[in-house]
Amino acid sequence: ARSLDKAGNYSVPYSSWPFVYDSSAPVSAVVFPARGSTISSLPNITGTMADQPFVNPAVVRRMGVLVRNLTDGTYWPGVAPWVVGYSTMSSDIVQVQVWSSSWNVVLTKLPTLVSGNSYYISAAGTDDTPGPGNVELYGGPFFSTFTYDDTPPTSVIAMPVDANYYRTMASFSGSSSDFVGVSTISLNVQNTSIASPNCYDAAAKTFTLACSNPASWFKAQGSTASWTYTFSPQPWTRDNTYIVRSSATDMALSAQVAV
């Protein structure tokens with residue numbers, strides 16, 4: 001600003017006061033757990049945030065995080081138990097840590113999860129414009145939904161039947177189950193009548209792999225719920241004894257101990 005007298009003279013020097021008009025709320029995103037994922041542990045809940053306008057932003061001074069159990073509709077308030085009424089966590093009471101461009105839930109405030117349940121996470125930031133600031137609403141486009149599954153799956157061998165004798169065995173079959181879903185079924189076959197290495201090599205169709213070799217495990221065929229494996233040609237030797245093992249891996253990559 002500067003002044004002008006009646007003779008047309010401006011005052012020197014003049015002063016200025018720049019300002020930024022900001023009516024836009026920050027934009028927050030949940031990074032972990034990733035949207036659509038299945039996890040077996042929750043080491044943290046993290047995300048990013050940035051204020052708008054991006055070319056000349058204010059500072060995000062406050063972050064809130066909403067965690068909802070989609071299975072029963074309850075909310076996590078930052079301390080057990082889960083509650084029926086709407087509740088969120090806030091950096092104002094040290095439940096969420098705010099950094100220059102990221103945020104995370106304080107480790108001691110992480111929710112307790114139930115295996116097989118699905119969850120929703122949304123974050124909302126507030127910038128430091130004067131007054132209450134521009135407040136981001138929960139439910140923005142960068143939320144996360146995930147499923148928690150810390151229980152290993154199970155698989156069952158239906159054929160061959162344990163301790164039975166067979167003249168021919170063209171295929172194996174079985175089933176599996178899990179709280180959320182099974183991703184793969186792996187099989188291992190050992191010929192205990194010959195010296196090691198005596199596990200089946202699905203590529204060579206011979207019993208020539210060490211059983212400790214990961215390659216001695218081969219994927220079953222068909223669906224995970226009702227799996228099969230067909231041998232062509234049949235690799236069996238008369239009067240030899242074999243052990244069949246199966247192991248299921250679920251969507252959270254938890255693997256069953258071989259049975």
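- Rounding to the nearest 0.5 angstrom, the gap separating the OG atom in Ser232 from the NZ atom in Lys205 is 6.5 Å.
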Show me the side-chain donor-acceptor pairs of residues 101-108 shorter than 3.5 Å, one per line, residues at least two apart or across chains.
from, atom 1, to, atom 2, distance (Å)
Trp103, NE1, Ala29, O, 3.4
Trp103, NE1, Thr48, O, 3.3
Asn104, OD1, Trp99, NE1, 2.8
Asn104, ND2, Gln97, OE1, 2.9

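- Listed for the Ser223 side chain is a donor-acceptor partner under 3.5 Å among the backbone atoms of Ser226.
- Between the side chain of Ser115 and the backbone N or O of Asp150 there is at least one donor-acceptor pair closer than 3.5 Å.
- Atom CG of residue Asn191 and atom OG of residue Ser196 lie 11.0 Å apart, to the nearest 0.5 angstrom.
- Listed by chain and number, the residues in a side-chain hydrogen bond (donor to acceptor under 3.5 Å, both in side chains) with Thr74 are Asp72 (sequence neighbours excluded).
- Side chain of Ser183 to main chain of Met251: no donor-acceptor pair is present (N/O by atom type, distance under 3.5 Å, no hydrogens or angles).
- Within the structure, no pair that satisfies the side chain to side chain donor-acceptor pair (under 3.5 Å) test touches residues 32-45, not counting sequence neighbours.
- The backbone N or O of Ser254 sits less than 3.5 Å from a side-chain atom of Asp250, completing a donor-acceptor pair.
- With Glu136 contributing its side chain and Thr126 its backbone, the two residues share no donor-acceptor pair below 3.5 Å.
- Remark: Ser216 pairs with Asn188 by the side-chain hydrogen bond (donor to acceptor under 3.5 Å, both in side chains) rule, at least two apart or across chains.
- In terms of modelled atom types and a separation under 3.5 Å, the side chain of Asp51 and the main chain of Pro57 share no donor-acceptor contact.
- Evaluation of the ring pair (Phe, Tyr, Trp, His ring centres under 6.0 Å) test over residues 22-49, restricted to residues two or more places apart or in two chains, returns none.
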Return all side-chain donor-acceptor pairs below 3.5 angstrom for residues 161-174, not counting sequence neighbours, or 'none' if the list is empty.
from, atom 1, to, atom 2, distance (Å)
Tyr166, OH, Val161, N, 2.9
Thr168, OG1, Gln234, OE1, 3.0
Thr168, OG1, Gln234, NE2, 2.9

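- At a threshold of 4.5 Å between side-chain heavy atoms, the hydrophobic network of Ile, Leu, Val, Met, Phe, Trp and Tyr places Leu66 and Ile45 in two separate groups.
- Taking the side chain as every heavy atom from C-beta outward, Leu42 and Tyr119 never approach each other to under 4.5 Å.
- A donor-acceptor pair is defined here as one N or O able to donate and one able to accept, closer than 3.5 Å; no such pair exists between the side chain of Gln52 and the backbone of Val27.
- Pairs engaging residues 91-118 under the salt bridge (Lys or Arg N to Asp or Glu O under 4.0 Å) rule: Arg62-Asp92 [sequence neighbours left out].
- In this structure, Ser193 contributes its side chain and Thr241 its backbone to a donor-acceptor pair below 3.5 Å.
- Side-chain N or O atoms of Ser144 include one that pairs as donor or acceptor with a backbone N or O of Pro33 at under 3.5 Å.
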Would Asp178 and Asp149 count as a side chain to side chain contact (heavy atoms under 4.5 Å, CB included) if you check the C-alpha gap in whole Å, the side-chain angles of each, and the deciding distance to 0.1 Å? CA-CA 9 Å; Asp178 183 66; Asp149 181 6; 2.6 Å; yes
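- In this structure, the ring pair (Phe, Tyr, Trp, His ring centres under 6.0 Å) partners of Tyr75, at least two apart in sequence or on a different chain, are Tyr86.
- In this structure Tyr200 satisfies the ring pair (Phe, Tyr, Trp, His ring centres under 6.0 Å) test together with Phe207, Phe218, Phe231, sequence neighbours excluded.
- Not one N or O on the side chain of Asp127 forms a donor-acceptor pair closer than 3.5 Å with the backbone of Val60.
- Here Thr208 pairs with Thr206 under the side-chain hydrogen bond (donor to acceptor under 3.5 Å, both in side chains) rule; sequence neighbours left out.
- Partners of Trp76 according to the ring pair (Phe, Tyr, Trp, His ring centres under 6.0 Å) rule, which considers only residues two or more places apart in sequence or in another chain, are Trp82.
- Among Ser175, Ser186, Ser246, the single residue meeting the side chain to side chain donor-acceptor pair (under 3.5 Å) criterion with Ser155 is Ser246.
- When the ring pair (Phe, Tyr, Trp, His ring centres under 6.0 Å) test is applied to Tyr120, the partners found at least two apart in sequence or on another chain are Phe143.
- Checked options Leu70, Asn117, Leu113, Val30; the residue passing with Phe146 is Leu113 (criterion: side-chain contact (heavy atoms from CB on, under 4.5 Å)).
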